[in-house]
Amino acid sequence: MQTAVTGYPRIGTLRELKFALEKYFKNEIAQDELLAVAGNLRKAHWTAQSEAGIDFISSNDFSFYDNVLDAAYLFNIIPERYRKLNLSDLDTYIAMARGYQGPKGDVRALAMKKWFNTNYHYIVPEIDDRTEIRLSGTKLFDEAREARDLGFACKSNIIGPFTLLNLCRYTGAKKAEQFADAFIGAYRELIVKAGQENIRFLQFDEPSLVQDLTADQIELFRKIYRSLLPSSGNVGIILQTYFGDVRDIYPELLELPFAGIGLDFLEGKETVNLIEKYGFPGDRILFAGLVNGKNIWRNNYEKTLNQLDRLKAKGINAVLSTSCSLLHVPYTLKHETALDETHLKYFAFAEEKLQELKEISRLAGLSDYVQDPAYIANVQLFRSDRLATNHEVKARVAGVTESDYVRQPARAQRQKLQKKAFGLPLFPTTTIGSFPQTKDVKEIRSAYRKGQIAETEYREFIRNKIAECIRWQEQIGLDVLVHGEFERNDMVEYFGESLGGFLFTEKAWVQSYGTRCVKPPVIWGDVYRIKPITVEWSVFAQSLTGKIVKGMLTGPVTILNWSFPREDISIRESISQIALAIRDEVLDLEANGIRIIQIDEAALREKLPLRKSDWNSEYLDFAIPAFRLTHSRVKPETQIHTHMCYSEFTDIIPAIDNMDADVITFEASRSDLQILDALKANNFETEVGPGVYDIHSPRVPSVEEIIKSVNIMLSKISRDKLWINPDCGLKTRGTSETQASLINLVAAAEKLRSVASKIETGGKTA
Ligand code: GLN
Ligand code: ZN
C-alpha cells in the first residue's frame, strides 16, 4: 500500500525559519541568507519524508508566512496599497502579512483569521473590483523544480479555487460569485503551466467542503471543477479535504474526474458511511486520512488496519494518508529529553507519524499482519493500562448533578445584590488582567525557571511588581483592580503546571501564525488541582488596597482547547475534570476574601464544530455547562467575570449568556456594530464591557474617542450594564502607552458619569 502526507510543517525542528525571518524583519540578515535557510529546510523536510519511504510527498507546502497568502500572491490578488510600496516580491508579500512602516510608506497588514477549527491563522486575501485574478507568481513551479532537481518526485499543493474564493474578503461592489470565472481562468492557467512543467499531481486543498454547503455553493463547486478538470491533461488533480467529512457534496464529487480524493476518516464522522452508501470509483485513488494530523498520540494500528481491510475488500485503490497537514503537530520527539520512554512511547509527532505511515502500509501488505511483531507491540500499547485510574477524580465527575450546573439565585437578582454590595459607580472601569510584561519581568521569570535566582528573591520581585501595579491603578482611579499577572507567561501553561494530569514538552512547537509558535501541553491523565494556584498572589494584592481586586483564572474550555487532548476519554469528560479543578480555585479565592473572580475563556469559539448542526450536541451542550460548573457554588454577592478574545460570537450569543457569568468583557471593533446589535436583539443579560480601545496597537486613544465609542455602545446596551475597559490583556504593550491609555479611559468614564448625572438631575427638576 502506498503512503501520502497531506502537508509537512515548515517552521523547522528548532524553529529555524522563525528565527531567520525575525532577523530578516529586523534587517539583521540579507534576503539571500533567509532564502538559504528556507531552501535547507525544504530539503530537510523532503529528505525526511523520502527516507521514511513516503510515496506522495508535497512541495509548495512550504511558506514564508501562510499558504493562503501564497495562493493569493500566486494569483495576483495583491491590493494596490501594497503594490504601491514598490518593494521586492518577497517584501511585498511580507508587507501584506505584517504591514509595512518605513521610507516607502505606511500600510497595515491584511486581516488574519483562524484556519477552520485549528489554532493556526491564515491571512485573509482582499479582492476589490479592479483585482485582476491571473497566474502571476512562480513559487509553486520554483519549488516543484527545486524538489525535482534534488531528486524528489512531489505533488504540488495549493489551496483550491472553491476554498480560496470562499476565504477572500471582497471590498468592492463585486461579490464572490462574480469572480468565479476569473478564478477558473487563473487556475486553468496554473494547470496548463503545471503540465508544461511536467508536474504529475496538483493537490487542491478544499477544506471548505467539510462545512454546511448550500445548493448554490454545491453548484459553484461543480461549475468550477467541470470547467477545470477536462483540460487538466497529464496533470492529475487530487481533491484534498480535511477537518471533517464531505456529506453535503460526496455524490457530486464522485461524478467529477479527479485523479484522487483525500478524505478525513478521523474528524469526518460520516466518511465511512458515505463510502458505504455511495461507494468509491475503482479508477481513482482514495487518500485515506487515517493518521491523525492534529493530535500527538500514536496511531491505533488495529483500528487503522481494519479500516484499510474494509476499503480493500471493496476494491478501492487506497493510499494511506494523514487526516490533514502535519502542520498542526510538532516535529519530532527527538528533542524531548525531559520525558522518558514511559511517556514517549505513546506519542507520535510529525517525524514519528512518517514511521507509522510506513509501518502500517507494510502491515497492510501482509496476509497475516496480526502475527507481525510491530502489530503486536502496537496492540499491546493500546491494551495496556497507560494510567492508573484516578478514582477520586472519576468519582467526583460521576457525582456531579444537574444542580452543580446551576448558580442560585438567578442572575437578575444577583446583579441587584452585587450592585448594593460593591457600590461601584455608573460605568465601572477595569482592565482584563495582565499589565505590560516588561523586560525585567521576563528576565526574572526566566532566571527563576533556570534556577539562577532563589524562590524568595523571585517572590519578592513579583510582590513588588504587584504592589506597584495596585498603587498605580489606585492613583489613576480605576474601580476594579487586577494584580497584573506578572507571574504568568502563557496562561494555559501557568495553570497546567499546577494541575495534575498535564505533561509539558520542551521543543514541541506548533505554528500558530507567521513566526508565532505555541507549545501546547499534553493532557496525559485525569486532571485535578494539586494545590491552590493563584490564591496567594490575589490575596496579597487585595491586602494592599481598599478597592476590589479581581481574581484571575483561565476557564476549562480554553485550557482544553489550547492543549493536546486525550483520546482515551471524551472531550466532555476531560472538560468536566478541568472544570472541577478550576472550581476548587474559585471557591478558595472566595473563601479568602476575593469578591470578584474573572474566569477567562479566550478560546471558547475555537473548537466550535464547523457544521452548525453539530454546534450544540458536539460542543456547546457541554462546553457552556463546564463553565457554569466552575462558578455555580459561589455566593450570590461574588461577582463572576469572563473574558473572550475576538468578537466572533455574534452567532452564539445565547450560549454566551448561558455561561451565566455576571459580567463579560470582550473585543468589539468599533467600526462594526454587528455584535452590539446582536446583544440587543438577544436581550443579553450579562453585564458587558465590549472594550473601548484596541490594545493590539500602540496607539493611545483620546478621551473624546473613548467617549464616542461608549456613546455608540450606549445606544445598544443599557447604561447600568455597561463596563469600561480595554479590549484585551495589556501584557504585550509598553508601559508608557498603557498608562496614557488607561488615564484617558478613566477620564472618559468620569466625564460620562457627570453627563449622566446632569441629565438625571435635569430630568428631576423639569
Ligand atoms: N486575563 C488575561 C490577560 O489579561 C486574558 C488574556 C486573553 O484573553 N488572551 O492577559
Ligand atoms: Zn482577550
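Just so you know, ligand 1 is whichever comes first in the structure, and atom 1 is the first atom listed for that ligand. Just so it is clear, the model here is predicted, and its values are computed rather than measured.
- Looking at Q598 and D600, their side chains do bring a donor and an acceptor atom within 3.5 Å of each other.
- Of the N or O atoms in I432, one or more lie within a sub-3.5 Å distance of an N or O in ligand 1.
- Less than 4.0 angstrom separates some heavy atom of G729 from each of these atoms of ligand 1: 3 (C), 4 (O), 10 (O).
- Scanning the protein heavy atoms around atom 10 (O) of ligand 1, the nearest turns out to be S434 OG, 2.7 Å.
- At the Zn ion (ligand 2), the angle from SG in C645 to NE2 in H643 is 120° when rounded to 10°.
- The protein atom (non-hydrogen) at minimum distance from atom 8 (O) of ligand 1 is H643 CD2, 3.0 Å.
- Looking at D600, D490, L730, D727, it is D600 that brings a heavy atom closest to atom 1 (N) of ligand 1.
- Among all non-hydrogen protein atoms, the one lying nearest atom 9 (N) of ligand 1 is C645 SG, 3.3 Å.
- Atom 6 (C) of ligand 1 has as its closest protein heavy atom M491 SD, 3.8 Å.
- Under 4.0 Å from ligand 1, not a single heavy atom of M644 appears.
- Interface of G433 with ligand 1, defined as ligand atoms under 4.0 Å from a residue heavy atom, comprises 4 (O).
- Aromatic ring centres of F116 and H328: separated by at least 6.0 Å.
- Under 4.0 Å is where a charged nitrogen must lie from a carboxylate oxygen, and between D404 and R628 no such pair does.
- Using a 3.5 Å distance cut-off with no hydrogens or angles, the side chains of R583 and S632 do pair a donor with an acceptor.
- Between the side chains of T686 and D657, at least one donor N or O sits under 3.5 Å from an acceptor N or O.
- Taking the six-membered ring where the residue is Trp, Y458 and Y448 present parallel rings, their angle staying beneath 30° rather than reaching 60°.
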Test salt bridge (charged side-chain N to carboxylate O under 4.0 Å, His left out) applied to D651 and R605, step by step
CA-CA 10 Å; D651 40 8; R605 184 76 166 65; 3.1 Å; yes

